[in-house]
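To start, the structure itself, in structure tokens.
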Amino acid sequence: MPISAANRHDPRLVRVDDSWLRLPNPYDVPVEICAGPDVPVEPVAVDELLTVLETADTLRTLARAVPGLDPEPRVERVVCTPDFHKGAGIPIGTVLRTVGALIPQAVGNDVNCGMRVEATSLTVDQLRPHLDRLERRLRHLFFAGGRRIGLTARQREGLLREGLPGLLADGVPADPVGAWRQVGPDDLADLDGRLHATGFPVDSAEDFRDWIASGGGTSYDSIIGSVGGGNHFAELQYVAEVRDGATAYAWGLAPGQVVLMVHSGSLSLGHQANATGRDLARAGWPRAVPLPRNRILPIPLDERTAPARRRYLTAFGNAANFALGNRFFLALMLRAGLAEVAGELRSRLVYDAPHNLLWPEPDGTVLHRKGATPAAGPGGDGQRPTDLYGEPVIVPGSMGAPSYLLRGLGSSRALASACHGAGRSIPRGAASRGGDAELDAFLREFRVVTPVDHRDPAVAARRDIVDAWRRDLKQEAPWAYKEVGPVVRSLGRAGVAEPVVELRPLLTVKG
DNA sequence: ATGTTC
């Protein structure tokens, strides 16, 4: 193989085989990166991985300083996905299994950032003639006053405490307005949780009283129905290629079928929950232990920290539930646009997958995912349709690029986790490449609907707004991301997940 | 990643 930027790896990494790299370390923590020889690994991200190892050392210090911790805190295993790249603190694409402690900062700031995919009853041939009009309608629905998601305090509290079952406990409002009009029998039928996570039961929502109250009665707020920034989007796609016919059929996907894909998180609620976790970890930090240099503070799983953990996990669960609800409403908004231009349609959930979550287990282990997606294999309790074929793994491409739907294979080496995208080739915040004309041509070609309509002369006159918007959007341009193909092939070769369908974009709404 | 609406 020729030496190129794409196959040079950081010298600190040891290639184990075609699928895995290992980071040797003095803490005896298994650290492995799932990446083929054609997937470049950012040295800066490897630097950050060393701070994860400092956290392994922090847990040892805690175990010595706080007597009687049972089980003794330690980092059991670290796995990085093929799209692993630099983030704030712990790299994005890091899966961490700990024993005897949880680490709020090992979850991305945006709690339960994730994907929702729905299969519609429309075909790409039916939709193509209406794309110009759809683009205009979606701009109105997402960015120009068309959102109109009214929620009662009861619905808000239900959502934060139970997720979608709580939101929809009383069914659809008697006189539905806006996105609510798109709720159909399939949405209510899926609420038994057999297909996917519909909610995380938590016993209160005290940290979010302001959002719940929001003026009383049926009220509107500035958060629900927002796409969010960065790499978040709401997209219409179609099934371009079927790679695994049996699984595609079981998941209700056929060639040419129009699919909705939403990538979004918990917006400000997740940030608030994470800040709560960080503050509680700091407030409860044992005086005998110096603050770790990397500022990543674990919370040991003992009696002393029980009230703090309960408070954090409640806020965390509230935020995670909000994200499920927001993705649901974003999908309803896409459905509303489709219904306006192509007539009434059916749309059914394929899967909702989280990227940023932690899972405390009764045995004292905690699985943390930051920018990685679950990829459980076939099996489970056999009660869910997905148990037959493995968990749906949604890998979005960068703007304009194909996305993939894979089936998880439950690799224990990979901590049953897959990548959540192609991964950046240019870190966020680095100088963005490409001229304005190049960006504009790209946005037109791929029908990218954005909040700033720079073709409107009144908007174009606001240079400061347009410049800031272009700067941010260039960070999400395809040239800021790796190619998704080699990343997806790495997952297959490693036995993490296998492709089921390839999806190509028709129209993208960027927040 | 970071509240764009009645």
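So that the names make sense, note that chain A is the first sequence line, chain B the second, and so on, each numbered from 1. Keep in mind that what you see is a predicted model, and the values were worked out from it rather than measured.
- In this model, the phosphate group of dT4(B) is approached by a side-chain N or O of Ser226(A) to a distance below 4.0 Å at OP1 or OP2.
- Residue contacts shown for Gly229(A) are limited to sugar-phosphate atoms, with no base heavy atom under 4.0 Å away.
- Distance CG/Leu267(A) to OG/Ser226(A): 5.5 Å, rounded to 0.5 Å.
- Between Pro374(A) and Val393(A), the closest heavy-atom pair is O-CG2, 3.7 Å.
- The CZ-P distance, from Phe142(A) to dT4(B), rounds to 13 Å in whole Å.
- Gly265(A) comes within 4.0 angstrom of nothing in the nucleic acid, heavy atoms only.
- Taking atom CD1 on Ile149(A) and atom P on dT4(B), their separation rounds to 12 Å, with Å as the unit.
- Rounding to whole angstrom units, CG of residue Leu141(A) and C1' of dT4(B) are separated by 14 Å.
- With dC6(B), dT2(B), dT4(B) as the choices, the nucleotide that has an atom nearest any side-chain atom of His271(A) turns out to be dT2(B).
- Straight-line distance from the CG atom of Leu138(A) to the P atom of dT5(B): 17 Å, rounded to whole Å.
- Counting to the nearest Å, the C1' atom of dT4(B) and the CG atom of Asp221(A) are 12 Å from each other.
- Distance, Asn326(A) CG to dT2(B) P: 10 Å, rounded to whole Å.
- Closest approach of Leu151(A) to Arg156(A), counting heavy atoms only: O-NE, 3.5 Å.
- Among the protein residues, Gly511(A) comes within range of the nucleic acid bases, having at least one heavy atom under 4.0 Å from a base atom.
- Across all strands shown, Leu269(A) has no heavy atoms under 4.0 Å from either base or sugar-phosphate atoms.
- Taking every side-chain heavy atom of Pro451(A) into account, dT4(B) is the closest of dT2(B), dT5(B), dT4(B).
- Place Asn109(A) and Ile224(A) on DNA chain B by their nearest nucleotides, and Asn109(A) ends up nearer the 5' end.
- Atom CH2 of Trp211(A) is separated from atom C1' of dT5(B) by 14 Å (rounded to the nearest Å).
- Checking Phe322(A), Phe142(A), Trp180(A) one by one against Phe329(A), the ring-ring contact (aromatic ring centres under 6.0 Å, His included) holds for a single residue, Trp180(A).
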May I have the list of side-chain donor-acceptor pairs in residues 46-54 of chain A shorter than 3.5 Å, sequence neighbours left out?
from, atom 1, to, atom 2, distance (Å)
Asp47(A), OD1, Arg12(A), NH1, 2.7
Asp47(A), OD1, Arg12(A), NH2, 2.9
Glu48(A), OE1, Gly87(A), N, 3.0
Thr51(A), OG1, Glu48(A), O, 2.7

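- For the pair Ile223(A) CD1 and dT4(B) P, the computed distance is 8 Å after rounding to whole Å.
- When the nucleotides dG3(B), dT2(B), dT4(B) are ranked by their closest atom to the side chain of Phe143(A), dT4(B) comes out on top.
- A residue-by-residue look at Ile92(A) and Ala144(A) shows that Ile92(A) has its nearest nucleotide of DNA chain B further toward the 5' end.
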